[in-house]
Amino acid sequence: MSFMFEPAVYQERRSCLVERLQRAGVTSGIVLFPSNGESPINYPDNCYPFRQDSNWLYFVGLNVPDMLLVLDLSDGKSTLFANDITMDDMIWTGPMESVADLARKSGITDVRPLNAASIRVEVAIARREPVYCLPFYRTETKERLSRLSGLSPRQLEESISAELIDAVISMREIKEPREIAELEKAVAVSEAMHQALLRQIRPGWTGYEAAALVQYEAQKHGCGLSFATIATNHGETLHNHSYDYVAKDGDLVLLDAGAEVESGYAGDLTTTFPVGKCFDSRQAQIYDLLCKVFLDATSALAPGKKFIDVHRTACLSLARGLKEIGIMKGDPSMAVERGAHALFFPHGLGHMIGLDVHDMEGLGEDRVGYGKTMHRSEQFGLSSLRLAKELKAGMVHSMEPGIYFIPGLIEKWERGNAFDEFIDYNELRRWKDLGGMRMEEDWLMTPTGARRLGPAFDKSRKAIENWRSQA
Ligand SMILES: [Mn+2]
């Protein structure tokens, strides 16, 4: 991952951040942006694959560990603190660009060694200028920044700024055209990953083979995975990372997987399909309903509308469909208001996507998805909705309704006669072993509506069965 936009892109983003903070009344002080460092697995030299911090990628862009950017809010100047590699390092890493050359790619001319960072922080403190940070999601980043800045981990925690968080969210949530182009690439590769499995899985395949094929397809396109692949015959377990099964005719496979392109942008798709050539009649009924829910939800997308209302549209469509099938009963609107449908759809309709697959979740899921004025519901199901706030042109988010039959949850609700005015537990017994389905696409809000990202990919039952019968 060494892709970068033009240096001016990063310069402009940093000056935009300074402007937005000034507008929020933050006119002096310094912002500390630490890059990520290498993170050891079991001994110092054996590290997890390096993933740069997404805020750093957005404002600095350099995919290099162990750097620190100091942004001065009074004059808007950026200083990059980093060390050039030594000849000893180079024997292991190969030739590397100098820090000064790297800095130029981000539009930064002021470069200093890492050990000068604490002096810069001391100067700010002597001038009684505040220090600002974003939240830390890795303890080691906080500890490293503490060593570099001379501030204690506690002082760093106290430097976390709501104004800074909100300014960053307000910028990153609206995707620039160049970011949308990257997201289009990520979704295109993600589709290729899904289509590879849709084309190739056979009875007898293990989950490991399925997950390996998906990863192969990503890497073949020069991409990584944007999160750990879910490839399971038990889609009703929402984050099922077990690959320990053998696919057989009659099974449904749920694949939730996405590519991360070189620039760091993520795709996130879910497809559900039969291991055999067709859905059986029960699976077909539920899959057709899922397609209907998906269509109703995507048709409800509009700028200016709250995403929680689009989520409610999906829930209502689901409750109506389940009533037609006979699994639910009573008034669907009332059932949704009370939360009875959540037995079959216990998660939210979507989340923002960008440089993170759950975009900016490290800045606080509620701050990102609900803003300053909305609050998360405590109702089962709705409490898992990550995105609720008003949609704006330029936002990119997932659309991912699902229908699940979770035996343990069904039994628990039935024992307590939960919502028995809305759920026909007798009829439900016939469906309990069906498993789970989800359909997920990535959508961009436009000034007039919304559009799906990625090349055309028909997921109607007929189209899916067509893929499978050619397998
Ligand atoms: Mn998702």
Side-chain angles (χ1 to χ4, degrees), residues 51 54 172-173 175 179-180 182-194 197 211 214-215 218 223-232 234-241 253-261 264-273 290-291 293-294 297-298 301 307-308 310-311 314-315 318 342 344-363 365-366 368-370 376 381-389 391 395-404 436-445 450-454 457 459:
R51 175 53 161 81
S54 296
R172 281 184 57 190
E173 73 180 5
K175 270 59 182 178
E179 295 184 279
I180 294 164
E182 291 302 306
L183 284 160
E184 290 272 19
K185 284 189 218 164
V187 176
V189 176
S190 303
E191 287 187 13
M193 291 154 64
H194 282 248
L197 191 65
V214 167
Q215 180 158 11
C223 294
L225 298 175
S226 54
F227 59 94
T229 297
I230 298 172
T232 177
H234 279 289
E236 74 280 9
T237 304
L238 298 183
H239 280 173
N240 193 336
H241 289 120
V253 167
L254 181 152
L255 175 65
D256 186 346
E260 180 181 282
V261 288
Y265 289 85
D268 182 10
L269 305 178
T270 306
T271 317
T272 308
F273 49 89
L290 181 61
C291 292
V293 171
F294 198 90
T298 51
L301 286 171
F307 194 71
I308 193 170
V310 183
H311 172 82
C315 296
L318 173 67
F344 309 102
F345 179 34
H347 63 75
L349 185 64
H351 51 83
M352 283 198 269
I353 304 176
L355 283 164
D356 307 301
V357 69
H358 289 176
D359 209 22
M360 301 177 279
E361 212 165 271
L363 298 179
E365 198 178 277
D366 284 7
V368 171
Y370 288 72
R376 190 185 285 251
L382 207 50
S383 61
S384 297
L385 181 65
R386 299 183 200 275
L387 175 61
K389 69 184 181 185
L391 296 167
M395 281 185 178
V396 173
H397 58 82
S398 70
M399 289 295 278
E400 49 179 311
I403 308 177
Y404 312 92
M437 302 180 187
R438 180 164 63 252
M439 184 182 289
E440 180 176 23
E441 293 179 349
D442 304 331
W443 282 65
L444 164 71
M445 297 308 301
R451 73 174 175 86
R452 196 182 62 83
L453 295 181
F457 183 7
K459 283 175 288 271

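All ligand and atom numbering here is 1-based and tracks the order in the structure. Quick note: numbers below take in every heavy atom, side chains included, and nothing from hydrogens, waters or symmetry partners.
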Closer than 2.8 Å to the Mn ion (ligand 1), do we get an N, O or S atom from Asp256, backbone or side chain? no
Specify whether an N/O/S atom of His351 falls short of 2.8 Å from the Mn ion (ligand 1). yes
Look only at the side chain of Thr229 and the backbone of Ala211, and say whether a donor-acceptor pair between them is shorter than 3.5 Å. no
Close aromatic pair by centroid cut-off 6.0 Å: Phe227 and His239: no
Measuring from the Mn ion (ligand 1), name the closest N, O or S atom belonging to Glu440. OE2
Among the N/O/S atoms of Asp268, select the one at the shortest distance from the Mn ion (ligand 1) and name it. OD2
Using ring centroids (six-membered ring only for Trp), state whether His347 and Tyr404 fall under 6.0 Å. yes
Determine, for Glu184 against Arg451, whether the closest basic-nitrogen to carboxylate-oxygen distance falls under 4.0 angstrom. yes
Atom name of the N, O or S atom of Glu400 nearest to the Mn ion (ligand 1) is OE2
Less than 4.5 Å apart, any side-chain heavy atom of Leu225 and any of Met193? yes
